[in-house]
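Only this structure's heavy atoms are used, side chains among them; waters, hydrogens and symmetry mates stay out.
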Amino acid sequence: MDFLMSTGFRDFDSKLWVWKKIKVFFEDYDGFCYESYQISSGNRNKSVIDIFMVHNRLGFISMDIVDWNDTTSIEYLNQSMDNLFNKYENMRNKFRNDLRNGRKEKYHGIPVMVLPSLNRAKWNELEVDADGIFIVCSDDLLEESFNTVLFSELENLGTAITEEDWSVVKAIVQGGRVMESLIRQGEASPDSKKAILQKLEASMSLLDLEQEKVARQIPEGPQRIRGLAGSGKTIVMTMKAALMHIANPQWEIVYVFSTQSLYNQIKDYIERFTLHFANVKPNWDKLHVLHGWGSKNQEGLYSYMCKKYGQKPLGLAEAKSMFGNTSLLGNSCLKLINENQVHPNFDALLMDEAQDFEFEFFRFCHHILLEPKRFIWAYDEVQSLNNLNIPTAKEIFGENEHGEALVNLEGTYPDGIEKDFILFHCYRNPRPVLVAAHFFGMGLFRKEGAIQFIPSEGGWEDIGYEIVSGEFKIGEEVTMRRPFENSPNNIEKLVGYENVLKMRVFQEMKTEINWVANEIKRNLTEDELSPNDILVISVDNRFYQGYGEALKRSLSMEGIDMIIVGEDTATNVFRVDSKVTFSGIRRAKGNEASVVYIVGFDSILGGFDIVQLRNTAFTAMTRSKGWCTITGVGQRAETLFNEIKMIAKNPEKITFKIPDPTSIERLLDNIEYAKRRTKIKEATKIINKLDKILDEDDIKFLDKRSLEKLMRKFKIKVGEDSEQS
């Protein structure tokens, strides 16, 4: 069984005791067990199930733990029973709606109340209405009680569901229904792109275990989430914001992001998750979704805080005159702090697209947070269009007078809640697109040599690659692969690896535009796609306007409407119904489309800032969740496409020479990641050594205090008589 934490136990010792027992008893079962599962019946009152468990054969258990003492009133116990039964009914209703066989419910559950401080004799004396609720007292054997619940109560109800029904259960419990609601509807010809996308979207509607862990954990302090493009960072962050809001409706929470066109998408996701788990819309007076800077028509975190303290926010021109062209947002925010008594305002702050914000803005966000400074930021360093280096937390937030980092991401919080996560599964991008984007972005097959590089074997493993052969030494040949399970986008299996990523070279821009227009027409007719499925990105800043206007005219002649983001739309609108979208890279960031055309790719070969150009190409390619087509003009495009073709030959065998780090402009790693990997590697060596030295019978002769310390710290089970914490 997979066990997922949310808030941890803090001083709730009884809950921790029950959790330990459950982890031991249910270790080998299939299913999920949640600590502090958020659920509500449609009001804004906090509603959390202490421990919630789902099993594919035995049904579900909704469990609350109540501490009894001599001052506890009968009324309180009765109220606790009512609360538990209401939460159980809320959960039962969710399953009942989707899992029926005629009038009969397919999936059953039982409410369980555990009273760790109350013995059975005392319970029998109390006049408490526990009808329909299974009671476990302190002198009951917990394991036997669970046996009774599972093998008597639940099995008598006849819960036995199919694999398909179990997928429905998981979708309901995890929040996958939010993704399911995005699956396209309508009939489609069997071999059309529309039919392929329907299959693809249906297969991607569940969260993986790591994503759900990230989404559910509410840390007692800062938390960093590092994730690839397409790893679901925004889905995870919006779900986290929604669950945090449901569990703590009184909290002031802010969700901040960089790309203005993401505003509606982020609000939509948060609303969907809140409705799914709590049957109520978010209270937007408590949960603030704000762009970093803001605009004339859309409030940002900076302008919101200026307004709160009666100050007029600086405009872009004013900020440039004061600070030049560096850290405009961050310096404007620090100016507000320095000139006003700005106090902490928020209980939690979630920052999406963190790679696009300056250090000064991070420090501003940290300043406006109440203790314990719940600052959660998510980023992908390869998508950064500005920064050359990957900073440590110490570099971002600074240090105290003793030289210690103000934000420390080492270790975990109490109860095992993580400080630092890495999401390496990529769900959006097909494997051919992601692999090509990664290696092209680094320039590892570039004739003149690589420009960016991950300098350690562990760093590659962090983002989901495996070393097949070779040593990680300068000048040595290494062969890598990206296993399909780390990029489980099924489209390559549905259409063939070689048909996902395509490139075309033209002799002039006019021919390039006409060809793209004809392909889009074919997508809408033969492929049965919607205009909303199609995104055209120009990576050529010099001719951006020319590409946009010419393509718009060409499509208009075919009766196809296209919008140019930022010109035909407000800054926070990226898509308009029944219209193809045309965008530059900055507005496209964070967005995605089933079919992506990248035009003007030859421009990636020119210019002084080669790292930024390669990152632009990477970001554009990774907008695709289906087919990606890249076009360009002349020999420059030919040169670049030859490089990509060398990468895309075989996903199971990508061979290159390890470059000299001194020749690299940007190393995609930092000391924090390296330190963590080194510690894990050393610990693994010690564990393997112990495994060879010790027999099972030797464990009982080890120092008991040391053994218990290890058990508490790492939550492991040692020997038959030990508890798993």
With a 4.5 Å heavy-atom cut-off, do [X] and [Y] have their side chains touching?
| X | Y | value |
| --- | --- | --- |
| M63 | V136 | no |
| I454 | I463 | yes |
| W284 | E271 | yes |
| L275 | K281 | yes |
| V66 | L84 | no |
| E252 | N345 | no |
| L262 | Y269 | no |
| K170 | F32 | yes |

For D420, the option from R226, Q223, R224 that meets side chain to side chain donor-acceptor pair (under 3.5 Å):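 It is R224; the other options fail the test.
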Given Q211, E212, R216, H276, the one that forms side chain to side chain donor-acceptor pair (under 3.5 Å) with Q174: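 Only match with Q174 under side chain to side chain donor-acceptor pair (under 3.5 Å): E212.
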Does [Y] offer a backbone N or O that forms a donor-acceptor pair with the side chain of [X] under 3.5 Å?
| X | Y | result |
| --- | --- | --- |
| N340 | L336 | yes |
| E220 | Y413 | no |
| D208 | E210 | yes |
| K233 | G227 | yes |
| N400 | L406 | no |

Looking at every heavy atom in both [X] and [Y], which two are closest together, and how far apart are they?
| X | Y | value |
| --- | --- | --- |
| I235 | T238 | O-OG1, 3.0 Å |
| M1 | C33 | SD-CB, 3.8 Å |
| Q355 | A378 | OE1-O, 4.4 Å |
| L301 | F361 | CD2-CZ, 3.9 Å |
| Y302 | C333 | CD1-SG, 3.7 Å |
| P116 | S138 | O-CB, 2.9 Å |

Identified ring pair (Phe, Tyr, Trp, His ring centres under 6.0 Å) partner of F52 from the options F277, F3, Y37: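 For F52, the ring pair (Phe, Tyr, Trp, His ring centres under 6.0 Å) test succeeds with only one of F277, F3, Y37, which is Y37.
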Option among F95, Y34, W166 that satisfies the ring pair (Phe, Tyr, Trp, His ring centres under 6.0 Å) test with F60: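 That would be F95; it is the only one of F95, Y34, W166 passing the ring pair (Phe, Tyr, Trp, His ring centres under 6.0 Å) with F60.
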Stepwise salt bridge (Lys or Arg N to Asp or Glu O under 4.0 Å) test for E418 and K213: CA-CA 9 Å; E418 300 282 351; K213 278 182 181 176; over 6 Å; no
Aromatic centroids of H55 and F26 separated by under 6.0 Å: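 They do not qualify: ring centres at least 6.0 Å apart.
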Validation row, ring centre F359 to ring centre F362 under 6.0 Å: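 Between F359 and F362, the centre distance exceeds or equals 6.0 Å.
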Salt bridge (Lys or Arg N to Asp or Glu O under 4.0 Å) between R363 and E360, worked out: CA-CA 5 Å; R363 291 167 187 169; E360 292 83 357; 5.4 Å; no
Donor + acceptor pair across side chains of N429, T622 (<3.5 Å):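 Per modelled atom types, N429 and T622 side chains form no pair under 3.5 Å.
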From D380 atom CG to I225 atom CD1, the distance as rounded to the nearest 0.5 Å: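 If we round to the nearest 0.5 Å, D380:CG and I225:CD1 are 13.0 Å apart.
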Full working for side-chain hydrogen bond (donor to acceptor under 3.5 Å, both in side chains) between S14 and D67: CA-CA 7 Å; S14 298; D67 270 332; 2.5 Å; yes
From CA spacing to verdict: side-chain hydrogen bond (donor to acceptor under 3.5 Å, both in side chains), Q265, T234: CA-CA 9 Å; Q265 180 183 313; T234 297; 5.2 Å; no
Parallel, tilted or perpendicular: rings of F375 and F397 (30°, 60°):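 The arrangement is perpendicular - the two ring planes meet at more than 60°.
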Mutual orientation of the aromatic rings belonging to Y427 and H425 [parallel < 30°, tilted 30-60°, perpendicular > 60°]: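 Y427 and H425: tilted rings.
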Check against ring-ring contact (aromatic ring centres under 6.0 Å, His included), F12 and F9: CA-CA 5 Å; F12 198 173; F9 308 102; 8.2 Å; no
Residue Y309 excluded, over 12 heavy atoms near OH under 6.0 Å: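 Correct, the count exceeds 12.
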